[in-house]
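See structure below.
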Protein chains: 2
Amino acid sequence: MDERPIGVFDSGVGGLTVVKELRRLLPTEDIIYFGDTARVPYGNKSIPVIRRFCLEITRFLEAMKVKMIVVACNTASSLALDYLRRNTELPVIGVIEPGVQAALRDPSTKRVGIIGTTATVRSEAYQTRLKRLRSGCIVSALACPLLVPIVEENLLNSPIIKLVLEMYLSNFRTMNLDTLILACTHYPLLKPAIAEFFGDGVRLVDSAEETSREVAEVLKARRISAPRTHVGSSEFYVSDSPDAFMAVGSPFLGYPIEKVFLEPVWQRDVESSG
Amino acid sequence: MDERPIGVFDSGVGGLTVVKELRRLLPTEDIIYFGDTARVPYGNKSIPVIRRFCLEITRFLEAMKVKMIVVACNTASSLALDYLRRNTELPVIGVIEPGVQAALRDPSTKRVGIIGTTATVRSEAYQTRLKRLRSGCIVSALACPLLVPIVEENLLNSPIIKLVLEMYLSNFRTMNLDTLILACTHYPLLKPAIAEFFGDGVRLVDSAEETSREVAEVLKARRISAPRTHVGSSEFYVSDSPDAFMAVGSPFLGYPIEKVFLEPVWQRDVESSG
């Protein structure tokens with residue numbers, strides 16, 4: 001039993017899709033969420049810069065006495081997960097491995113598409129892992145940089161999203177994919193539009209759902225779940241513009257965010273062991 | 001006479017449209033450019049955060065011994081110009097005043113539209129100044145957050161840009177604007193698409209051109225121009241991903257960028273006098 005909260009972070013609001021699933025699956029757990037809204041997006045930034053930002057956030061979550069860190073951001077998971085594991089005593093869970101496991105749960109999975117940010121795709125984190133676990137699996141990955149601003153602008157039902165999906169995904173439609181991994185925590189909000197674009201026959205894997213299952217398993221295995229009678233709560237911190245986070249974040253979470261605290265994490269001294 | 005370089009900065013590549021005009025108008029001047037690519041974009045961030053970022057960059061440019069600072073970013077000019085002037089001895093030139101002056105140069109200007117980032121529009125810097133200088137002038141401003149990622153994705157000739165302009169600007173088309181201020185240094189690359197959208201009759205004011213004229217005037221008035229025989233050069237610094245800056249930046253500048261240096265400005269101690 002462990003009453004400490006779970007720490008979850010993302011570059012901005014996207015990781016709230018993971019919080020939403022965690023709340024649903026683990027209603028007894030407290031959650032502390034950090035969104036790095038002063039430096040969002042991460043998807044077009046470099047490895048050393050992303051690692052530094054992630055370490056600053058980890059130091060903040062440690063100071064908040066969390067029992068576990070969930071990197072609810074595909075870019076940060078792709079580029080900084082091992083680095084964070086070397087730099088904290090806490091268990092660190094990313095979104096990549098749960099997504100890969102979910103994609104391969106069906107033994108007939110053979111042709112997998114991956115969409116994400118430029119940094120996620122370039123890291124080849126998904127591609128390498130999928131090919132290692134299933135030889136013969138055909139993997140294609142594509143960076144779709146416009147999808148994040150489109151989600152943040154709430155254009156989920158506009159004609160623009162159709163045109164943008166056509167531009168990015170029309171090649172994928174001709175490739176007979178059986179599975180498409182939504183390798184960005186913003187994309188669960190695009191699930192209906194993407195499902196409509198592909199029609200039946202392509203399974204969409206949503207890292208938010210899969211990651212919350214992995215969190216539940218680790219809590220159980222390590223015996224650090226919250227007491228069963230506890231009613232879990234959530235607290236939200238950002239590095240900039242709490243009001244904007246409240247407004248933009250609520251659709252990701254599925255319910256209104258009542259209070260957001262400002263936390264300039266770059267004022268922390270960080271030390272890394274490399 | 002003053003051989004020191006001119007310092008120019010922006011949140012990313014957009015300010016290169018100003019450098020392009022400076023090079024054309026002032027071929028004898030040396031330029032040092034800084035793009036804050038680790039923290040781009042600024043347009044959805046708050047005033048204190050943007051001010052801090054701008055002050056760090058100003059301290060870097062001071063250390064590089066520039067003779068003047070050009071804030072080649074509408075968001076930073078809207079929110080941090082007076083703040084920077086209080087915090088440096090150097091002359092500081094922004095993009096707002098030159099854009100306003102250009103809009104009002106034609107005495108018949110009466111209906112002015114402004115498009116820019118959320119932060120620029122919300123600051124009301126353009127709106128306030130225009131109304132003060134020309135009473136009775138009707139001013140409408142609109143934030144267009146998708147335009148920057150579209151320019152950075154180089155979708156200038158895609159069907160997407162037409163649809164996005166339609167979404168943002170169709171109200172403006174019914175308002176009989178005589179002038180539209182492109183209040184973001186990314187937008188000069190959209191000039192052909194925007195001009196096609198409005199047809200004749202709407203004058204597009206491009207802050208890059210106007211700002212370089214203002215720089216030329218200040219150099220002359222203060223007698224700090226470079227010697228006439230000098231051949232000006234440019235040096236480029238970024239806070240992240242020099243290679244990406246080289247690739248994305250060249251269309252803004254109009255010629256290939258050969259070398260870009262990495263400069264993590266947040267490692268500087270900054271002190272502000274408020």
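Chain identifiers are assigned alphabetically (A, B, ...) following the order of the sequence lines, protein sequences preceding nucleic acid strands; residue numbering begins at 1 within each chain. This structure is a prediction, so every number in the text was calculated from the model and none was measured.
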Subject >> side chain to side chain contact (heavy atoms under 4.5 Å, CB included) evaluation trace for A:Trp266 with B:Arg52 >> reply: CA-CA 12 Å; A:Trp266 52 82; B:Arg52 189 193 162 87; 3.8 Å; yes

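Taking all atoms of both residues into account, the shortest heavy-atom contact from A:Val40 to B:Pro41 is O-CD, 3.7 Å. Residues B:Leu146 and A:Leu155 approach most closely at CD1-CD1, 3.3 Å, considering heavy atoms.
With values rounded to the nearest 0.5 angstrom, B:Ile150 atom CD1 is found 7.0 Å from A:Ile160 atom CD1. With rounding to the nearest 0.5 Å, the separation of CG in B:Asp240 from CD1 in A:Ile47 is 10.5 Å. In this structure, CE on A:Met167 lies 6.5 Å from OG on B:Ser158, to the nearest 0.5 angstrom.
Heavy-atom neighbours of A:Lys162 NZ from other residues, nucleotides or ligands within 6.0 Å: at or below the threshold of 12. Other residues, nucleotides and ligands contribute only 12 or fewer heavy atoms inside 6.0 Å of the CZ atom of A:Arg122. The local environment of CD in A:Glu166 is crowded, with over 12 non-hydrogen atoms from other residues, nucleotides or ligands closer than 6.0 Å.
Residue A:Tyr42 does not touch chain B at all, counting heavy-atom pairs closer than 4.5 Å. At a 4.5 Å heavy-atom cutoff, A:Ala244 makes no contact with chain B through either its backbone or its side chain. Using a 4.5 Å cut-off between heavy atoms, A:Ser239 contacts chain B through its backbone alone, with no side-chain atom that close.
Contact count versus chain A (heavy atoms, under 4.5 Å) is highest, among B:Ile50, B:Val164, B:Asp243, for B:Val164.
Counting only heavy atoms from C-beta outward, the side chains of A:Ser241 and B:Asn44 never approach each other to under 4.5 Å.
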